[in-house]
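Here's the structure, in structure tokens; my notes come after.
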Amino acid sequence: MNRASSNHLARISNCLQTILDLEPALEKIEIGKSLLEEFSVLKEFLQKIESVSLNEDDVKRVEIATSNFLEELRVPLAQARSGRLAAPMLQ
């Protein structure tokens, strides 16, 4: 594996692991229940990621999507941590 591929793999793995690390917190919020059903897919993909060919554009898309996902969850997770019920988000 060349250096660029190794870097891409590390960046994608970091994004996916960051999302998976939210599992305990997501169990505490209403919108998290539906998201948790998809975690098995992420876990499976993370186990097989070394066989996926990645390029810089793919990695950037995943990094942007991860950032957007985390931003969407920021308020509900903060409310759950403070003990308040998370209000449904309007989009």
Side-chain angles (χ1 to χ4, degrees):
M1 180 180 299
N2 67 36
R3 183 180 167 124
S5 295
S6 180
N7 184 23
H8 291 154
L9 178 61
R11 288 166 56 198
I12 292 281
S13 295
N14 184 46
C15 289
L16 297 178
Q17 191 59 55
T18 297
I19 293 169
L20 291 172
D21 288 346
L22 294 173
E23 190 169 10
L26 289 173
E27 291 173 348
K28 298 176 183 175
I29 62 174
E30 186 62 34
I31 63 171
K33 292 171 181 55
S34 61
L35 295 172
L36 290 172
E37 295 172 6
E38 303 299 324
F39 272 43
S40 61
V41 175
L42 281 180
K43 289 174 184 176
E44 195 173 308
F45 182 74
L46 190 57
Q47 291 175 348
K48 298 177 183 179
I49 197 163
E50 290 185 18
S51 64
V52 176
S53 176
L54 301 167
N55 63 47
E56 184 64 21
D57 291 338
D58 295 331
V59 174
K60 284 182 180 179
R61 274 194 300 279
V62 171
E63 288 173 335
I64 290 168
T66 300
S67 178
N68 292 339
F69 180 68
L70 295 174
E71 182 59 29
E72 288 285 326
L73 291 175
R74 186 177 54 82
V75 171
L77 289 175
Q79 289 174 338
R81 284 187 194 110
S82 69
R84 296 181 306 204
L85 292 176
M89 293 180 65
L90 298 176
Q91 293 188 16

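For this chain, numbers begin at 1 and follow the sequence in order. Values in this document were obtained by computation on a predicted structure and should not be read as measured data.
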Determine whether [X] and [Y] fall in the same hydrophobic cluster, where Ile, Leu, Val, Met, Phe, Trp and Tyr are linked whenever their side-chain heavy atoms lie under 4.5 Å apart.
{"X": "Leu20", "Y": "Val52", "value": "yes"}
{"X": "Ile49", "Y": "Phe39", "value": "yes"}
{"X": "Val59", "Y": "Phe45", "value": "yes"}

Got a second to check how far [X]'s [atom1] is from [Y]'s [atom2], nearest 0.5 Å?
{"X": "Leu22", "Y": "Leu70", "atom1": "CG", "atom2": "CG", "value": "6.0 Å"}
{"X": "Arg61", "Y": "Glu56", "atom1": "CZ", "atom2": "CD", "value": "10.5 Å"}
{"X": "Leu35", "Y": "Glu72", "atom1": "CG", "atom2": "CD", "value": "10.5 Å"}
{"X": "Ile12", "Y": "Glu50", "atom1": "CD1", "atom2": "CD", "value": "13.0 Å"}

Looking at [X] and [Y], what are the two nearest heavy atoms and their distance?
{"X": "Ile19", "Y": "Phe69", "answer": "CG2-CE2, 3.8 Å"}
{"X": "Val62", "Y": "Cys15", "answer": "CG1-CB, 3.9 Å"}
{"X": "Leu77", "Y": "Ala25", "answer": "CD2-CB, 3.7 Å"}
{"X": "Asp58", "Y": "Ser53", "answer": "OD2-O, 4.1 Å"}
{"X": "Leu54", "Y": "His8", "answer": "O-ND1, 3.4 Å"}

Answer yes or no: is there a donor N or O on one side and an acceptor on the other, between the side chain of Ser67 and the main chain of Glu63, under 3.5 Å?
no
Using the side-chain contact (heavy atoms from CB on, under 4.5 Å) rule, take Gln79 and Lys28 through it: C-alpha gap first, then chi angles, then the decisive distance, then the call.
CA-CA 10 Å; Gln79 289 174 338; Lys28 298 176 183 175; over 6 Å; no
Within the 3.5 Å criterion, strictly below it, is a donor on Asp21 or Gln17 matched to an acceptor on the partner's side chain?
yes
